[in-house]
K.L.:
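If you scroll down you'll find the structure; I have some questions about it.
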Amino acid sequence: MIKKVDHIGIAVKSIEQALPFYTEVLKLHLLGMEEVESQKVKVAFLKAGETKLELLEPTDDSSPIFKFIEKRGEGIHHVALGVDSIQARIDEIKEKGIQMINHEPKPGAGNALVAFMHPKSTGSVLFELCEKKG
Ligand code: ZN
């Protein structure tokens, strides 16, 4: 069902300030940056071998990432699991009694469809299902 860990999401106050650690100290390759309007975040993807790190910076204080940083500080925000047929995976997970935040996939960063599971159902880990389009 799960192909791999597609990426790990890390909440930061400022991508500009956080980036040199990733690119200069860890020497990870910056794959790209984009803004995800619906989530009010700016994201930067870094290639880390077979997986990626996704830095998430809030663009607005109504962003879920802004609220996360307020509450818990910067740090690991979510683990994204790569899947095919995301709607079928969502339905399967719900059949097992796991609560989803998103019952239908929505457009996410990196030209992907994404859906989050509710951390109440997953031992407090925020898991994202993520299917690459095209
Ligand atoms: Zn993500």
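Read the numbers this way: they start at 1 and go in the same order the structure lists the ligands and their atoms.
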K.L.:
Counting backbone and side-chain atoms alike, does His7 have an N/O/S atom under 2.8 Å from the Zn ion (ligand 1)?
P.N.:
yes

K.L.:
Measure from the Zn ion (ligand 1) to every N/O/S atom of Glu54 and report the name of the nearest one.
P.N.:
OE1

K.L.:
Apply side-chain contact (heavy atoms from CB on, under 4.5 Å) to Ser62 and list each qualifying residue two or more places apart in sequence or on a separate chain.
P.N.:
Lys40, Asp60

K.L.:
Can Phe127 and His78 be said to form a ring-ring contact (aromatic ring centres under 6.0 Å, His included), step by step?
P.N.:
CA-CA 6 Å; Phe127 282 111; His78 65 271; 9.9 Å; no

K.L.:
Considering just N/O/S atoms, say which atom of His78 is closest to the Zn ion (ligand 1).
P.N.:
NE2

K.L.:
Considering only N, O or S atoms, which atom of Glu128 is nearest to the Zn ion (ligand 1)?
P.N.:
OE1

K.L.:
Inspect the contact between Arg89 and Asp84 and indicate whether a charged nitrogen and a carboxylate oxygen are less than 4.0 angstrom apart.
P.N.:
no

K.L.:
Taking atom CG as the centre, does Leu30 end up with more than 12 heavy-atom neighbours from other residues, nucleotides or ligands that are less than 6.0 angstrom away?
P.N.:
yes

